[in-house]
Structure formats: structure tokens, C-alpha cells
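The structure appears below as C-alpha cells.
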Amino acid sequence: MSSEANLLPLIVEPEQLAEHLESPQLLIVDVPLKADSYSEGHVPGAVFLDYNRLMAGSGEVPNEVPDEAALSKLFSSLGLTRDTHVVAYDDEGGGWAGRLLWTLELIGHTRYSYLNGGIHAWRAAGLPQSRQPRQPQPSNYQAEILNPAVMIDREELLERLDDKQLAVWDARSPEEYRGEKGQNKHLGHIPRAVNMEWTEAMDRQRGLRIRDYAELITELDALGLTPDMEIVTHCQSHHRSGFTWLVGRALGFEHMRGYPGSWKEWGNRDDTPIEK
């Protein structure tokens, strides 16, 4: 991510963002799990995004990335331009906000930040909220997959299961990882994948902000995830792993990749190896 043109750091604190609310370059996007979170109170000037628009929505793997035409329509409706700096947040500690930022990285739009802790941290800081919906000024944004390396597909993952330079971070619950629960044809996990549930990276005492970086790096290292490795992260639909992708980026892991098919794809096929 180039820093010279960026208005704000990758991870921005509520007080930092509050100082920039009037910036014409800023596009603040609220992408909540519960739609009424936006109407109950959002960051002033934030636009609402239905998280379903971050996924293809149909086909065998509805959580796949939308095509370029759908992405162009989505980002044009939000008013995105090449010069816009996006700040994303949600109401659940970073899942859908992370998926949005990962999508921006995929289309080569690197001017973005995450509001640390999302609306929970904003409200806890006692900062002003708005209940007025903001209608974005539509733009004509032509989205192209300019950075495909931030994504991995099933075929490449299958080919590289024995590649010691590649690691898989499963962000699902321990029960899903162990194959004790799930809605799929097959339960379990990708061979060699390690498990740290996405919520384990959140600080519940600090408005769901990302936990202490040094502690997280130590814990990930113990799992065999180190900054020099290529790390693929996934969950059931690349929603929870939107956050773990973002956490890796915040910690300085340069080769973070998302697997959008996630377990929805892997666990419903008969030709994908599975461990329990």
C-alpha cells in the first residue's frame, strides 16, 4: 500500500477519523451485519453498504467475488473515484469491513483504512453519530481485477497443499475446524490449516479493536504463521476471514491472501482433501 497518497493509516482510531470527517477525499462506508445498526447511529457522513453486494450472490459458490461489471456498478453507486480514500467499518469487529477492503485491494484501489473497532469503538469514544442516511454522489468507476494475487482459488490451493512456504489460517470456530459442526456436505478442515477463530484477534475490553500486535504476532508464530510466509485465510464464506486478512496486513504480513470460495466451496465437493 503506497503511503504517500494516503490520507490516513491502514488502521485508524476513532479520534483520528473524527478530525478528518470534512475531508472531500474521504468516503466512509458502514457495512454492518445488522442493517439497523446504520439507522441507530453511524459515523457522520458514512454511506450504507449492504454486505451482500460484496459477494456474487448466485451459483454454486454464492460467496465468490462478483464479476467486474457488478463491482463497477457497486463502487460507482458508492461514489468511488481513483482519488477517494475509503474508510470502512462495521458493527461486528471487522468481518464485512475487512471483506470490503480486501475487495478494494483486489481491484487495485489501495487508498483505504479500517476504523479500529468499528461503530462499537466510535460509540464508546463518545463521538458524534448521525441518524440521517447519506446518499452517495454516484461516480463512473471501472473496476478491474488488477491485483489477483490477493486472492487464491481452489485449483491453486490444491496444487500447493504441500508447499511449506504457504500456510492456511482457518478463521472459523474450533468446532467447525474439528469437523464437529457445519452446514456442508463434508466437515473438517483443509490439510495443514491452522485455526485461530477470527474473534480471538479482537480486544473485547477495547471496543473490539484489533488486539495487541506483539501478542498476536507471538500467538500466530506459535501456530506456524510468520510474516515471511504466504498466508491464505478463509472461513465459511470469506466474511470472518475478511477480518483475519486485515489483521495480517496490520501486523505487517505482506503476503496475505483470501480464499473467497472458503469452506462453502471446499467442504461441498468430493475432490478436495479434508482433515479432521
Side-chain angles (χ1 to χ4, degrees), residues 8-18 28-43 46 48-49 51 54 87-102 112-129 169-178 180-182 189 193-225 227 231 233-253 256 258 262-263:
L8 295 165
L10 174 62
I11 306 298
V12 63
E13 292 299 326
E15 294 77 8
Q16 273 177 296
L17 178 58
I28 306 172
V29 183
D30 186 336
V31 55
L33 181 65
K34 300 185 180 83
D36 54 5
S37 169
Y38 181 78
S39 53
E40 284 165 10
H42 51 264
V43 174
F48 171 80
L49 172 60
Y51 66 78
L54 295 170
V87 178
Y89 73 90
D90 57 42
D91 60 340
E92 46 148 14
W96 287 120
R99 171 85 186 225
L100 169 58
L101 298 182
W102 175 82
Y112 58 74
S113 303
Y114 169 60
L115 172 59
N116 203 6
I119 197 64
H120 293 284
W122 184 269
R123 289 171 181 163
L127 291 161
Q129 296 179 70
W169 176 354
D170 187 330
R172 298 175 303 158
S173 68
E175 295 78 17
E176 288 169 281
Y177 175 80
R178 291 192 298 260
E180 295 162 8
K181 67 177 260 196
H189 58 263
V194 296
N195 180 225
M196 181 195 276
E197 188 171 4
W198 69 310
T199 55
E200 291 293 310
M202 296 175 203
D203 190 338
R204 297 185 181 285
Q205 312 306 314
R206 298 182 59 245
L208 302 185
R209 283 175 175 83
I210 298 173
R211 276 180 48 216
D212 179 82
Y213 286 15
E215 285 179 18
L216 278 175
I217 287 171
T218 302
E219 288 172 27
L220 291 170
D221 184 78
L223 290 172
L225 303 178
I231 298 174
T233 187
H234 79 89
C235 55
Q236 172 71 14
S237 62
H238 193 36
H239 154 227
R240 292 172 280 182
S241 53
F243 178 63
T244 48
W245 173 82
L246 179 64
V247 167
R249 289 294 305 273
L251 297 178
F253 289 52
M256 291 298 300
S262 279
W263 199 257

Margin query: Run Trp122 and Leu17 through side chain to side chain contact (heavy atoms under 4.5 Å, CB included) and show every step you take.
Written below: CA-CA 10 Å; Trp122 184 269; Leu17 178 58; 4.0 Å; yes

Margin query: Assess the residue pair Leu208 and Phe243 against the criterion (side chain to side chain contact (heavy atoms under 4.5 Å, CB included)); give the C-alpha distance rounded to whole Å, side-chain angles, the decisive distance to 0.1 Å, and a yes or no.
Written below: CA-CA 12 Å; Leu208 302 185; Phe243 178 63; over 6 Å; no

Note to self: Pair Met196, Leu223 - check side chain to side chain contact (heavy atoms under 4.5 Å, CB included), show working.
What the structure shows: CA-CA 9 Å; Met196 181 195 276; Leu223 290 172; 3.9 Å; yes

Note to self: Please evaluate residues Arg249 and Leu10 with respect to the criterion side chain to side chain contact (heavy atoms under 4.5 Å, CB included), reporting the C-alpha separation (whole Å), side-chain torsions for both, the decisive distance (0.1 Å), and the verdict.
What the structure shows: CA-CA 9 Å; Arg249 289 294 305 273; Leu10 174 62; 4.0 Å; yes

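Remark: side-chain polar atoms of Trp96 are not paired, donor with acceptor, to backbone N or O of Asp90 under 3.5 angstrom. In this structure, Tyr177 contributes its side chain and Ala193 its backbone to a donor-acceptor pair below 3.5 Å. Judged by distance alone, the side chain of Ser37 and the main-chain N or O of Asp91 form no donor-acceptor pair under 3.5 Å. Here the side chain of Asn195 pairs a donor or acceptor atom with the backbone of Asp170 at under 3.5 angstrom. A donor-acceptor pair under 3.5 Å is absent between the side-chain atoms of Glu215 and the main chain of Asp212, judged by distance alone. Remark: side-chain polar atoms of Ser113 are not paired, donor with acceptor, to backbone N or O of Val87 under 3.5 angstrom. Under the 3.5 Å distance criterion, the side-chain polar atoms of Arg211 are left unmatched by any main-chain donor or acceptor of Leu216. Of the possible donor and acceptor atoms, one in the side chain of Tyr89 sits under 3.5 Å from a partner among the backbone N and O of Val43.
Ring pair Trp198/His239: centre-to-centre distance below 6.0 Å. Taking the six-membered ring for Trp and the full ring otherwise, the centers of His189 and Trp263 sit at least 6.0 Å from each other.
Contact check for Leu115 versus Ile11: no side-chain heavy atoms found under the 4.5 Å cut-off. A 4.5 Å side-chain heavy-atom check between Val31 and Phe48 finds every atom pair outside the cut-off. At least one side-chain heavy atom of His238 sits less than 4.5 Å from a side-chain heavy atom of Ser262. Side-chain contact between Arg172 and His234: present, with at least one pair of heavy atoms (C-beta onward) separated by less than 4.5 Å. Two residues are said to be in side-chain contact when any heavy atoms from C-beta on lie closer than 4.5 Å; Thr199 and Arg204 meet this criterion. The side-chain heavy atoms of Val29 and Tyr112, taken from C-beta on, include no pair separated by under 4.5 Å. Using a 4.5 Å heavy-atom cutoff, the side chains of Leu220 and Phe253 are in contact.
The line from CG of Leu33 to OH of Tyr51 is 5.5 Å long, rounded to the nearest 0.5 Å. Separation of atoms CG (Leu246) and OG1 (Thr233) is listed at 11.0 Å; rounding is to 0.5 Å. Distance check, rounded to the nearest 0.5 Å: CG of Leu225 to CE of Met256 gives 8.0 Å. Ile28 contributes atom CD1, which lies 9.5 Å from atom NE2 of His42 (distance to the nearest 0.5 angstrom).
One finds no salt bridge joining Arg240 and Glu197 here, because no Lys/Arg side-chain nitrogen approaches an Asp/Glu carboxylate oxygen to under 4.0 Å.
Partners of Ser173 under the side-chain hydrogen bond (donor to acceptor under 3.5 Å, both in side chains) rule, at least two apart in sequence or in another chain, are Glu175, Glu176. For Ala125, the side chain to side chain contact (heavy atoms under 4.5 Å, CB included) criterion is met by Pro14, Glu15, Leu127, not counting sequence neighbours. Under the side chain to side chain contact (heavy atoms under 4.5 Å, CB included) criterion, Glu40 pairs with Asp36, Arg123, sequence neighbours left out.
In terms of heavy-atom proximity, Asp30 sits nearest to Ala46 at CB-CB, 4.4 Å.
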